[in-house]
Amino acid sequence: MRRRLPAALLGAGMALLLVAGPSLACGGLIGPNGAVNLLRTTTFAGYHDGVEHYVTAFSFQGGGGAFGSITPLPGVPSTVEKGGDWTLQRLIRETDPPTPRAAFDVLSAASAGGAEVLMQVQIDALDVTVLKGGAADVGQWAAKNGFRLPPDAPEVLDFYAKRSPIFLAAVFDADAAKARGQAIGDGTPVHITIPTPNPWVPIRILALGKAADARVDANVYLLTDHQPALLPTPTGSNGMSLDHSAIASQGLLDDLRSDRGMSWVPKDGWLTKIAVDAEAPQLSYDLAIDASGQGVPSWVQAGLTVPVQVQLVDQTTAIRALLAAILAIGVLIVVLQLGRLAAPRAATQV
């Protein structure tokens, strides 16, 4: 029997994004004619036993037709399935009972023509495709599949593709949803499971396609075994603030665990809520997380430095050049020594 929550919670929490691990965090909304709008969403990022779980609910208001969303992922999902019914709403009620602050007003981008389709799943009125490719590849795929990309899409997609070539494209058919009896504001939950070393939440993509004076309002929920270390640190002045950080209540964990596909939720954990409230240009970073709380989050995952692979390539090139120079100098020394030895012999023979 389906568990029901108060209508106010359902309305506020329908467009939520639940993540475990690096985070699916946000996707970009691309509406074909502006008639369909994605409602504000909230992200829950949980991480346990080296696995992240994304549960995102797509919600629409007004018009009909279809809209799409493209979200960067930290790795290849092992499963993509229908998500739970009340997980995200329960999180909102836990930290902000009176007026749930939903989040993630998003727009999205794409890139590539030669994108490799890794997985395709249909969940109710939602068609989900997992892609692998560079920014250009994903962009071309998106264009061929009816996505309208904002001018800043190539730059933003390249920002993500350099760190992970995996993207999730979701197409929501509002007309099909209505035919299924889904009311305006209802959402379709999707649960994505991804093995990954550490959580990572895409934040920059929230500003995709937004004007310089536009604001981004979003909530990110993290569930980790220990109090996590965050990069950048939410200070409020950088567009992120720490709204909640405490041991997760047993009531919350029990409720989450009882939802569909949520048996992975641990018996103990730390709940963190981060509120994003910033002007679009301010969001030039992502949220990197060290789930153990003992280390330093990755600067690469935070988008604050270039990927390690690029640095290694540069270092390797420099080392090879140095070795080649040393070898050349060594050969020159040997040649000079041989020349000196040969000169006296030549004089003796004369």
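All values below were derived from every heavy atom in this structure, side-chain atoms included, with hydrogens, water molecules and symmetry-related copies excluded. The chain is numbered in sequence order, starting from 1.
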Does the side chain of S237 pick up a donor-acceptor pair with the side chain of T235 at under 3.5 Å?
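A donor-acceptor contact under 3.5 Å links the two side chains.
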Have Y47 and D225 got a donor and an acceptor in their side chains that come within less than 3.5 Å?
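There is no such pair between these side chains.
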Taking all non-hydrogen atoms of both residues, which atom of [X] and which atom of [Y] are closest, and how far apart?
X	Y	value
A212	P281	O-CD, 3.1 Å
W141	T129	CZ2-CG2, 3.9 Å
D268	L253	CA-CD1, 3.8 Å
A291	N198	N-OD1, 2.9 Å
P232	N238	CB-ND2, 3.9 Å

If you define the side chain from C-beta out and look only at heavy atoms, does anything of [X] sit under 4.5 Å from [Y]?
X	Y	answer
I203	V220	yes
L222	L271	no
R260	K82	yes
E279	D213	no
D243	I274	no
L256	L91	yes
L208	I205	yes
L231	L287	no

Would you call D152 and K210 a salt bridge, using N to O less than 4.0 angstrom?
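Between K210 and D152 there is no salt bridge, as every charged N stays at least 4.0 Å from the carboxylate O atoms.
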Quick one: does [X]'s side chain have a donor or acceptor within less than 3.5 Å of a partner on [Y]'s backbone?
X	Y	result
S298	Q301	yes
R257	W264	no
S164	L73	yes
D290	Q294	yes
Q250	K267	yes

May I ask you to check whether over 12 heavy atoms, not counting those of L242, lie within 6.0 Å of atom CG?
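Result for CG/L242: enclosed.
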Is W270 atom CH2 crowded by more than 12 heavy atoms from other residues, nucleotides or ligands, each under 6.0 Å away?
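Atom CH2 in W270 is crowded, with more than 12 foreign heavy atoms closer than 6.0 Å.
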Begin with the C-alpha distance, continue with both residues' side-chain angles, and end with the deciding distance and a verdict on side chain to side chain contact (heavy atoms under 4.5 Å, CB included) for L118 and E116.
CA-CA 6 Å; L118 301 180; E116 179 184 357; 3.6 Å; yes
Verify the cluster assignment for L230 and I247: are they in a single hydrophobic cluster under the rule of side-chain heavy atoms below 4.5 Å apart?
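Unlinked, L230 and I247 end up in two clusters.
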Against the six-membered ring of Y285, is R204 placed for a cation-pi contact (under 6.0 Å from the centre, within 45° of the normal)?
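Relative to the ring axis of Y285, which defines the angle, R204 lies outside at least one limit.
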Just one of T193, V128, V130 clears the side-chain contact (heavy atoms from CB on, under 4.5 Å) bar with P77, so which one?
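Answer to the side-chain contact (heavy atoms from CB on, under 4.5 Å) test with P77 among T193, V128, V130: V130.
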